[in-house]
Chemist: 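Before I ask anything, here is the structure I am working with.
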Amino acid sequence: MRSFDAIVIGAGLVGSAIAYGLANAGLKPAVIDEGDVAFRASRGNFGLVWVQSKGLGAPHYQRWSRLSADEWPALAAELGERTGIDVGLHQPGGLQLCLGAEEFEKRADMMQQMQREAGNFGFEYRMIERAELADMLPGLGPAVSGASWTPYDGHASPLSLLHALHRALRDKGGTYLPNRTVIRATSAPRDFRIEAGGDTLSAPKIVLAAGLGNAELAPLFGLSAPVRPQRGQILVTERAGAVWPLPLGSLRQTDEGSIMLGSSEEDVGFDTSQRPEIMRNIARRAVLSFPYIAQLQIVRAWAALRVMPPDGKPIYDESEQYPGAFTANCHSGVTLAGAHARAFAPMVATGELDPMMAPFSAKRFDGSPDVPAAA
Ligand SMILES: Cc1cc2nc3c(=O)[nH]c(=O)nc-3n(C[C@H](O)[C@H](O)[C@H](O)COP(=O)(O)OP(=O)(O)OC[C@H]3O[C@@H](n4cnc5c(N)ncnc54)[C@H](O)[C@@H]3O)c2cc1C
């Protein structure tokens with residue numbers, strides 16, 4: 001039996017950020033990961049640190065996303081210093097382009113609601129009309145009616161982030177155990193035993209961060225994580241000269257020069273195949289936004305599965321039945337990496353979630369016919 005201060009199940013972006021945060025708080029965590037056979041949103045995502053549309057009707061989620069965006073520069077800097085890996089963070093703000101007058105009006109209403117719901121916390125935004133936008137973004141297509149802008153948004157390299165978190169975790173004394181699937185667990189308050197890959201591991205704390213795997217694991221720990229897959233498809237162009245000074249919601253240029261076009265939202269279960277009609281739609285919208293994109297070759301395309309809670313908002317919980325067991329589930333693991341490493345992990349390290357996390361509990365689904373209750 002190997003003993004640790006904490007076990008984190010799942011070494012995607014969520015588990016890795018939390019495990020790194022635990023190691024930073026002085027704990028010796030072990031991270032167990034299923035490996036290449038798994039559905040891994042962390043390797044197939046779009047790389048946005050995106051705040052402007054997060055938390056409509058849920059100001060706690062808006063604040064959590066903003067907190068994360070605020071923590072991102074410190075996370076990127078410390079990962080860079082510790083590992084030498086540049087995670088490619090740029091946070092110049094972000095624009096969400098609108099096609100046609102109706103989209104622009106809808107977006108304006110949404111941004112107004114976000115600001116209203118932010119209350120004293122504040123929410124800075126602007127709706128930018130087409131004429132001004134065309135000066136900012138040469139080559140803008142005639143179908144673009146304008147854009148919303150907030151100063152909070154940015155983008156990063158998700159693969160570099162994942163790599164840096166893994167390396168920093170090990171440098172801080174954490175243990176990474178890949179190619180092991182957790183199938184059995186024994187739970188008692190602050191005493192957890194896990195069987196995975198022939199090893200038995202024990203710890204007084206456990207964090208379930210297994211992405212879509214959380215749905216099955218959670219009941220073993222008196223928790224509920226009713227997440228489902230949502231497919232997203234992405235297209236990537238050949239490298240182009242520098243085009244945009246900031247990310248555009250569903251379009252972003254990587255540091256290497258490729259343009260990423262994304263991404264769809266499809267409820268198709270655990271199906272990761274690509275669909276030409278969806279890819280066509282993604283490309284069509286990109287070309288309407290910037291006709292010159294039609295001249296670029298598409299060099300890569302893929303589909304991946306988001307980890308989607310029933311209402312689209314993250315789920316964070318500590319088990320009432322087995323204190324010491326926590327779960328973290330979200331569909332914005334890049335955006336929320338700052339919060340996971342620098343706010344959520346310290347809460348787990350001290351042993352309880354801050355009251356600000358209460359609205360994120362899966363208890364909000366109690367009584368819902370489609371969501372199984374926690375054990
Ligand atoms: C197309 C697409 C675009 C996206 N774009 C963005 C974006 O721009 N910005 C953003 O913030 N987010 C984005 N996301 C979401 C983001 O990628 C996810 O929120 C994040 O990657 C989820 O990370 P995770 O660690 O929870 O899950 P995963 O990456 O799925 O990792 C879970 C890990 O748990 C392991 N595991 C599962 N079950 C077990 C088990 N029983 N035992 C051991 N290990 C187990 C798996 O091996 C896996 O490695 C996007 C997602 C997709 C699909």
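Because the structure is a prediction, the values reported are computed rather than measured. Counting convention: from 1, in listed order, for ligands and their atoms alike.
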Chemist: Pull out every atom of ligand 1 sitting under 4.0 Å from any heavy atom of T335, numbered as shown with elements.
Modeler: 9 (N), 10 (C), 11 (O)
Chemist: For ligand 1, which part of H331 has a heavy atom less than 4.0 Å away: the side chain, the backbone, both, or neither?
Modeler: backbone
Chemist: Over 60° means perpendicular and under 30° means parallel, so tell me whether F123 and Y152 are parallel, tilted or perpendicular.
Modeler: tilted
Chemist: Test side chain to side chain contact (heavy atoms under 4.5 Å, CB included) on L177 and L201 and set out the steps.
Modeler: CA-CA 11 Å; L177 300 169; L201 315 178; 3.7 Å; yes
Chemist: Taking distance alone, with no angle check, do E34 and ligand 1 share an N/O pair under 3.5 Å?
Modeler: yes
Chemist: Check this for me: R193, atom CZ, are more than 12 non-hydrogen atoms of other residues, nucleotides or ligands nearer than 6.0 Å?
Modeler: no
Chemist: Show me which atoms of ligand 1 lie under 4.0 Å from any heavy atom of G213.
Modeler: 38 (N)
Chemist: Do any N/O atoms on T181 end up under 3.5 angstrom from N/O atoms on ligand 1?
Modeler: no
Chemist: Taking distance alone, with N or O pairs closer than 3.5 Å, would you say S263 contacts ligand 1?
Modeler: no
Chemist: Considering P158, S42, G12, which one's heavy-atom position lies nearest to atom 23 (O) of ligand 1?
Modeler: S42
Chemist: Would V334 count as a polar contact of ligand 1, with the cut-off being nitrogen or oxygen pairs under 3.5 Å?
Modeler: yes
Chemist: Pull out every atom of ligand 1 sitting under 4.0 Å from any heavy atom of G10, numbered as shown with elements.
Modeler: 33 (C), 34 (O), 35 (C)
Chemist: Quick one: sort the W64 and Y316 rings into parallel, tilted or perpendicular, breaks at 30° and 60°.
Modeler: perpendicular
Chemist: Is the side chain of K313 donor-acceptor paired with the backbone N or O of P309 at a distance under 3.5 Å, no angle test?
Modeler: no
Chemist: Closer than 4.0 Å to some heavy atom of F46 - which atoms of ligand 1 meet that?
Modeler: 3 (C), 4 (C), 5 (N), 6 (C), 8 (O)
Chemist: Which residue from I9, L48, L162, V14 reaches closest to atom 26 (O) of ligand 1 through any of its heavy atoms?
Modeler: V14
Chemist: Check for me, please, whether Y61 and L56 land in the same ILVMFWY cluster - side-chain distances under 4.5 Å, paths through other members count.
Modeler: no
Chemist: Is the shortest side-chain N to carboxylate O distance from K172 to E78 below 4.0 Å?
Modeler: no
Chemist: Suppose I only count heavy atoms of A304 and a 4.0 Å limit; which atoms of ligand 1 are within that range?
Modeler: 53 (C)
Chemist: Could you tell me whether a side-chain N or O of R180 sits under 3.5 Å from a main-chain N or O of P178, the two making a donor and an acceptor?
Modeler: yes
Chemist: Please could you name the atoms of ligand 1 that S332 approaches to less than 4.0 Å, counting only its heavy atoms?
Modeler: 10 (C), 11 (O), 12 (N), 19 (O)
Chemist: Between the side chains of S145 and R107, does any donor sit under 3.5 Å from an acceptor?
Modeler: no
Chemist: Report, in ascending order of atom number, the atoms of ligand 1 lying under 4.0 Å from any heavy atom of C330.
Modeler: 19 (O)
Chemist: To which of E265, K54, R180 does the heavy atom nearest atom 43 (C) of ligand 1 belong?
Modeler: R180
Chemist: Run R252 and T254 through side chain to side chain donor-acceptor pair (under 3.5 Å) and show every step you take.
Modeler: CA-CA 6 Å; R252 80 173 187 98; T254 66; over 6 Å; no
Chemist: Just by distance, no angles: are the side chains of S148 and Q52 close enough, under 3.5 Å, to form a donor-acceptor pair?
Modeler: yes
Chemist: Would you mind listing which atoms of ligand 1 come within a distance below 4.0 Å of any non-hydrogen atom of G333?
Modeler: 11 (O), 12 (N), 16 (C), 18 (C), 19 (O), 20 (C)
Chemist: Using heavy-atom distances only, which candidate in A185, A210, A328 approaches atom 37 (C) of ligand 1 most closely?
Modeler: A210
Chemist: Can you check whether V307 has an N/O within less than 3.5 Å of an N/O in ligand 1?
Modeler: no
